[in-house]
Chemist: 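Submitted below is the structure of interest, expressed as structure tokens.
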Amino acid sequence: MPQTTIYSAPPNSPLVPIPAVATHEVARLFGGSAALAGVSLSVERGRLVTLVGPNGAGKTTLLRILATSLRPTFGAALVDGIDVVARPELVRRRVAFLAHATGLYDDLTATENLRFAATMLGRADAADAVPATLADVGLAADADRRVRGFSAGMRRRLALGRLLLAEPSLVLLDEPHAALDADGMALVDRLLERWREGGATVMVASHHADRIMDLADGWARLDGGLLVETGGRGIGATAPALARTAPATAVADR
Amino acid sequence: MTGARADLAIAWAIARKDALSELRGRQAAGSTLFFAALVLLLFGFALGPDSRKLAEAAPGLLWLAIVFGGLLTVARLHQVETDDDALDQLARYPVDRRAIYLGKALAGLLAMAVLGGLLLPVVGIMYSVDLLAAGPGLLLTLLLGAIGFAAVGTLYAGVTVRMRAREVMLPLLMLPAIAPLLLAAVKATTAALAGDPLGEFWPWVQLLAGFDVIMLIAGGAGYGFLLEE
Amino acid sequence: MKTRILGVVALLAVLAAAANALFVVPADLNQGDAQRIMYVHVPSAWLGYLSGGVTALAGIGYLWKRDLRLDAIALSAAEMGVMFTAFAIWGGMMWARPIWGVFWQWEDPRLTTTALLLALYAGYLLFRRLTDDPHRRAARAAVVGLVAAADIPIVHFSVEWWRGLHQGPTIGSPDKLLTPAAPSQFVIALLAMLGAFTLAWAWLMIRRYQLARIQWQLEEHGRLGRLSAARRAATSTSASVQASTEGAP
Amino acid sequence: MTDVWYVVAGWVVISGGMALYAVTLLRRLRGTRERSLKIRRGAEAAASDEGSE
């Protein structure tokens with residue numbers, strides 16, 4: 001049923017000039033403050049990259065824009081060359097996003113939550129896929145319990161399971177380690193490996209930089225809503241223009 | 001491939017999930033019903049003990065109680081989605097926005113139909129109205145009214161869901177918009193209860209159906225824009 | 001400048017048409033002087049409905065083109081709509097009292113429809129005030145305006161039927177009661193008022209739109225200012241790749 | 001004869017209301033334009049300062 005063809009050409013192929021993620025001066029304001037103040041970066045296909053930086057650096061905002069959950073106030077963002085504002089429906093087929101909030105329904109059981117997600121993702125094989133996924137994320141024993149009684153870590157595991165039901169070419173993870181125990185963190189690492197082997201591009205925003213760094217190809221540091229530093233392979237800044245933001249000329253018409 | 005069938009399956013999945021949540025979180029649904037019944041009781045006090053007058057006013061009171069209860073119902077159905085930012089997640093699924101709207105509206109319709117169905121006997125008993133005589137016509141009116149209310153309510157609940165002061169804004173936007181629905185439903189109910197002596201029942205039912213169709217189209221076209229942030 | 005000319009013309013037109021309607025045209029044989037309210041009531045009602053239509057169309061246009069200028073048109077028209085429907089209701093009440101003996105006649109479909117139109121567009125304006133982000137506000141307002149516009153014909157139908165499907169109207173509608181002493185003069189005076197009010201409406205629309213646009217530019221200026229402030233704050237505190245290129249053209 | 005007073009009330013409120021709205025609108029427009037122009041002059045001044053440095 002999924003209409004997507006997963007594009008998994010080797011990351012270094014010269015035939016793949018379109019980056020998995022490209023943003024141009026993308027910015028988002030919330031009321032009086034700029035959560036993201038203009039970031040231009042590009043991520044190569046098939047790479048696993050991390051976004052690091054303190055709280056309020058703009059990591060979550062950037063991921064939410066790429067996931068089509070937030071419109072940028074200024075600038076543009078492309079996923080696989082597709083504009084997230086102009087054609088969000090095409091972007092959604094390619095992206096899987098683990099948000100900070102788990103987006104689960106409290107009064108449904110773990111199985112019901114995943115089966116709902118499977119239907120929404122167009123999986124015809126939900127009956128087999130859901131129990132397998134629950135086992136994958138270590139929730140097989142809690143399959144028929146309502147999510148209301150779950151701990152924060154269990155909710156996160158379930159949200160990770162929902163992510164596994166999708167077949168994305170770009171995976172966006174916002175603090176995947178939050179609320180997880182050592183076992184859960186190891187699960188995240190396993191999943192990261194799995195996506196990488198499947199050829200998907202992965203962007204992870206994380207405080208646990210040390211934990212991710214060994215796995216990641218490259219990294220970018222955000223601070224105060226700006227891209228301040230990139231390193232490693234697969235991710236880079238694309239526009240240095242920072243001094244260009246002159247105030248808008250206010251026009252008085254007749 | 002089978003786009004329409006897939007969309008219907010999605011809409012059904014959304015409605016089913018909402019219905020399950022409603023059934024399991026019974027307190028909220030139950031208090032809405034209690035509230036609507038209370039409204040009916042207070043109307044009785046407001047209009048005085050004259051039972052003939054009450055029986056005459058019964059269709060109008062029934063529909064006002066449905067409207068008040070329905071306002072709470074459609075707001076609650078969207079509240080389920082905001083508890084854990086599920087609406088955000090719902091909007092990210094690669095599905096047609098119209099299917100999401102249809103699903104939420106279907107859930108609203110189910111809840112409204114149950115509310116109306118349970119209020120009917122209350123009205124029958126409290127205002128001594130003979131419901132059985134008017135059976136099928138009454139049920140048809142109830143169904144069409146519930147569809148229209150769910151169509152508008154789902155859209156406006158989506159408009160106000162992440163807003164400041166949404167408790168005020170939802171009724172404020174919605175009550176004028178459903179005025180024709182209220183009018184037609186009350187008229188059809190009155191006609192059905194009286195055995196339709198003037199042949200007025202069908203025109204009003206047609207008007208209700210027209211309202212339902214127009215609002216479903218407007219809702220399907222508009223709902224997708226509400227999921228943006 | 002052109003707008004100023006339009007304003008002067010509109011003002012003169014309203015004054016001339018008003019003088020004609022109040023002092024030149026003879027009173028109605030049936031209704032007497034009370035009928036003169038029609039000269040302001042009818043144009044107000046027309047402009048109320050016109051504004052509603054413009055709000056809905058501009059909203060749909062916004063959803064299609066994503067151009068905030070269309071949203072500014074929708075906002076301006078909605079404000080006009082609230083004002084003119086309020087005028088229409090006031091005029092209707094002032095007419096109904098001497099003729100029907102009551103301020104409010106529930107059975108008159110026009111009065112009731114107009115009241116609902118007022119409620120719908122007042123809600124629309126209130127709703128806009130409570131949302132900040134310009135595009136989110138524009139999109140949601142457009143949906144509200146669309147539903148309101150879809151509602152109006154149904155409201156009109158339902159209230160029309162409400163009077164009774166099979167009896168004729170118990171109380172005549174305004175035009176049936178009219179028996180002008182000088183029919184052609186009456187029609188010309190009404191058309192003149194309609195034209196003059198429409199000119200005034202157009203002028204108000206343009207001015208309101210200009211205000212909305214300048215306000216939007218100020219908002220946008222504030223947004224860009226906050227953005228630059230955030231950039232300055234971030235670059236001054238951290239030695240960065242991008243900071244080293246600051247000053248590049 | 002009291003009819004006339006209803007006519008007067010109708011006309012005065014409608015034409016007066018329209019005039020009041022127009023005047024308020026023009027005043028708001030002038031105020032907003034001045035704010036906008038001030039910002040523009042400020043920006044131009046800042047730009048020419050930078051140029052002279």
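Computation of the quantities below employed the complete heavy-atom set of this structure, encompassing side-chain atoms and omitting hydrogens, waters and symmetry-equivalent molecules.
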Chemist: Among B:D85, B:D88, B:I10, B:I100, who wins on heavy-atom pairs under 4.5 Å with chain A?
Modeler: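 Of the options given, most contacts go to B:D88.
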Chemist: Under a 4.5 Å cutoff for heavy-atom pairs, which residue among B:D84, B:D96, B:V95, B:V80 has the most contacts with chain A?
Modeler: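 Answer, by heavy-atom pair count under 4.5 Å with chain A: B:D84.
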Chemist: Check whether any side-chain heavy atom of A:Y105 lies under 4.5 Å from a side-chain heavy atom of B:L90, and answer yes or no.
Modeler: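 Counting from C-beta outward, A:Y105 and B:L90 do come under 4.5 Å.
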Chemist: What pair of heavy atoms forms the shortest contact from A:R93 to B:P94, and how long is it?
Modeler: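 Looks like CG-CB, 3.6 Å.
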Chemist: Below 4.5 Å, heavy atoms only, C-beta onward: do A:L108 and B:L20 meet side chain to side chain?
Modeler: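 Touching, per the 4.5 Å side-chain cut-off.
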Chemist: At a 4.5 Å cut-off on heavy atoms, which part of B:A91 comes close to chain A: side chain, backbone, both, or neither?
Modeler: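 Looking at B:A91, just its backbone touches chain A.
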Chemist: I'd like to know which of A:R148, A:R71, A:R155, A:H100 tops the heavy-atom pair count under 4.5 Å against chain B.
Modeler: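 Option with the top pair count is A:R71.
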Chemist: I'd like to know if the side chain of A:T68 pairs up with that of B:R92 as donor and acceptor (distance under 3.5 Å, no hydrogens or angles considered).
Modeler: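 Distance-only check fails for A:T68 and B:R92.
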Chemist: Just give me the residue among A:T102, A:V91, A:L90 that pairs up with chain B most often, heavy atom to heavy atom, under 4.5 Å.
Modeler: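 Of the candidates given, the most pairs with chain B belong to A:T102.
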Chemist: Hey, are the side chains of B:R97 and A:E89 touching, using non-hydrogen atoms and a 4.5 Å cut-off?
Modeler: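 No, too far: nothing below the 4.5 Å cut-off.
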Chemist: Answer yes or no: does atom CZ of B:F34 have more than 12 heavy-atom neighbours from other residues, nucleotides or ligands under 6.0 Å?
Modeler: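 At most 12 heavy atoms, drawn from other residues, nucleotides or ligands, come within 6.0 Å of this atom.
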Chemist: State, to 0.1 Å, how close B:I14 and A:M120 come at their nearest heavy-atom pair, and which atoms those are.
Modeler: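 Looks like CD1-CE, 3.9 Å.
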Chemist: With only heavy atoms counted, which part of A:R64 is less than 4.5 Å from chain B, the side chain, the backbone, both or neither?
Modeler: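 Contact with chain B involves the side chain of A:R64 alone.
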Chemist: Donor-acceptor pair, B:R16 side chain versus A:F116 backbone, under 3.5 Å?
Modeler: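 Between the backbone of A:F116 and the side chain of B:R16 there is no qualifying donor-acceptor contact (under 3.5 Å).
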Chemist: Is it the case that the side chain of B:R24 and the backbone of A:D107 share a donor-acceptor pair, with hydrogens and angles ignored and the cut-off at 3.5 Å?
Modeler: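 Yes; at least one donor-acceptor contact below 3.5 Å.
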Chemist: Using every non-hydrogen atom in the two residues, find where A:L104 and B:A86 come nearest and quote the distance to one decimal.
Modeler: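 A:L104 and B:A86 have their closest heavy atoms at O-CB, 4.5 Å.
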Chemist: At a 4.5 Å cut-off on heavy atoms, which part of A:A166 comes close to chain B: side chain, backbone, both, or neither?
Modeler: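 For A:A166, there is no contact with chain B at all, as no heavy atom is under 4.5 Å.
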